[in-house]
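Below is one structure, written out as structure tokens, with a few remarks after it.
It should be emphasised that the depicted structure is a prediction, and the values quoted were computed from it without experimental measurement.
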Amino acid sequence: MATSNELKKQAQGQVTAKPTTPEGSLNALLKKMGPEIQRALPKHMDADRIARIALTAVRTTPKLLECDQLSFVAALMQSAQLGVEPNTGLGQAYLIPYGGKVQFQLGYKGLIDLAVRSGQYKAIYAHEVYADDEFSFAYGLHKDLVHVPSANPSGDPIGYYAVYHLKNGGYDFVYWTRERIDIHSKAFSQAVQKGWTSPWKTNYDAMAKKTVLKEVLKYAPKSIEMQKVVEADETIKNEVAPDMSNVIDVTDYSILEDPQDVTDAQ
């Protein structure tokens, strides 16, 4: 039987015990899932590295700590398997809080990096076009695009284009007007449709460049790996697997509320 002093110490211990913080809870989950995470990671990464990336992400975007933790870990794994670091100044990828879940989003710079890494492309890039620029393009049997940027552009861009050059000498480009990009964003982005704060509001140029890059890549020769890159973009997943491209996207926009802290994430 416990003495009164022992009971008193137990009571004091219960009072002084610190509640688990969201960050502590996430760290505990990462440790618990360590072996599973390690099996799914590329050889050059380890579970400790993933934990450090997670800590950096939640410091830049605290709202991530309020999201479903499995979706957070799944988004981290997508980032790790693609070899891009989320929520850093590199602009390669982002972990975005959406209605209590974490969505993985590629940045246009990350898309370019991964395309070049595939070994098929000599160059791939995207640019905005201003009204003051010297710009012309032609489709048909002989495609051509000429762009001489203005030294002092004014106003908003009037369009965006993306170009790729293959190592075998092939090339292609896509040019979209700003109006066409706006129509596309309204048709395919739930955030734009619902008027949410999203990258389309906080970083329009980057989203426009990513849009034309993804469009031109539709016509480019793609490896299986590059196809997985495109399919991973803007997905929410709740599982960790050796190949995250095999995990289904569980995004249900009908239940999402206005996403928070997108500005901080990007």
Side-chain angles (χ1 to χ4, degrees), residues 20-118 198-199 202-203 206-207 210 225-226 228-251 259-266:
T20 303
T21 64
E23 190 172 313
S25 178
L26 177 63
N27 284 332
L29 178 64
L30 289 171
K31 289 181 180 179
K32 181 180 178 181
M33 296 183 65
E36 187 177 353
I37 290 173
Q38 190 62 60
R39 285 193 296 270
L41 284 174
K43 293 181 180 179
H44 67 279
M45 295 191 75
D46 57 33
D48 289 339
R49 175 66 177 154
I50 281 291
R52 289 193 292 272
I53 292 174
L55 185 60
T56 299
V58 298
R59 284 175 177 171
T60 58
T61 315
K63 197 76 175 180
L64 289 169
L65 288 171
E66 300 176 22
C67 295
D68 174 74
Q69 291 184 342
L70 277 178
S71 70
F72 186 13
V73 174
L76 280 171
M77 295 308 299
Q78 288 189 83
S79 178
Q81 288 185 2
L82 291 177
V84 292
E85 291 203 7
N87 298 42
T88 70
L90 296 175
Q92 292 182 322
Y94 306 97
L95 305 185
I96 308 290
Y98 268 95
K101 300 281 187 177
V102 178
Q103 184 189 74
F104 173 77
Q105 282 193 17
L106 273 171
Y108 87 91
K109 293 179 182 178
L111 190 58
I112 289 174
D113 288 345
L114 292 167
V116 172
R117 250 186 266 168
S118 71
S198 75
T202 60
N203 202 344
M207 291 299 292
K210 189 172 86 167
E225 289 73 20
M226 196 60 203
K228 290 178 179 179
V229 167
V230 176
E231 292 174 353
D233 189 30
E234 298 182 18
T235 58
I236 295 174
K237 300 180 178 181
N238 284 335
E239 300 176 32
V240 172
D243 185 349
M244 290 300 297
S245 65
N246 292 330
V247 180
I248 64 169
D249 176 15
V250 298
T251 306
Q260 301 294 315
D261 287 349
V262 174
T263 304
D264 291 341
Q266 305 225 9

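Every salt bridge (charged side-chain N to carboxylate O under 4.0 Å, His left out) that Lys210 has, sequence neighbours left out, goes to Asp233, Glu234. Taking Arg49 as the reference, Glu85 meet the salt bridge (charged side-chain N to carboxylate O under 4.0 Å, His left out) condition, with sequence neighbours excluded. Applying the salt bridge (charged side-chain N to carboxylate O under 4.0 Å, His left out) criterion to Asp113, with sequence neighbours excluded, gives no partner residue. Lys228 pairs by the salt bridge (charged side-chain N to carboxylate O under 4.0 Å, His left out) definition with Asp243, not counting sequence neighbours.
Looking at heavy atoms from C-beta onward, Lys237 lies out of side-chain contact with Ile248 at the 4.5 angstrom threshold. Side-chain contact check for Val58 versus Leu55: some heavy-atom pair is nearer than 4.5 Å. In this structure the side chain of Phe104 reaches within 4.5 angstrom of the side chain of Val84, judged on heavy atoms. The closest side-chain heavy-atom distance from Ile53 to Ser79 is not below 4.5 Å. Between Gln103 and Thr235, the closest side-chain pair of non-hydrogen atoms is not below 4.5 Å. Counting heavy atoms from C-beta on, the side chains of Ile112 and Lys109 never come closer than 4.5 Å.
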Tell me which donor-acceptor pairs under 3.5 Å the side chains of residues 64-73 have, and how far apart each pair is, sequence neighbours excluded?
| residue | atom | partner | partner atom | Å |
| --- | --- | --- | --- | --- |
| Glu66 | OE1 | Lys63 | NZ | 3.1 |
| Asp68 | OD2 | Leu70 | N | 3.4 |
| Asp68 | OD2 | Ser71 | N | 2.8 |
| Gln69 | NE2 | Ser25 | OG | 3.1 |
| Ser71 | OG | Asp68 | O | 2.7 |
| Ser71 | OG | Val102 | N | 3.1 |

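Applying the side chain to side chain donor-acceptor pair (under 3.5 Å) test to residues at least two apart or on different chains, none of the pairs has a partner in residues 31-42.
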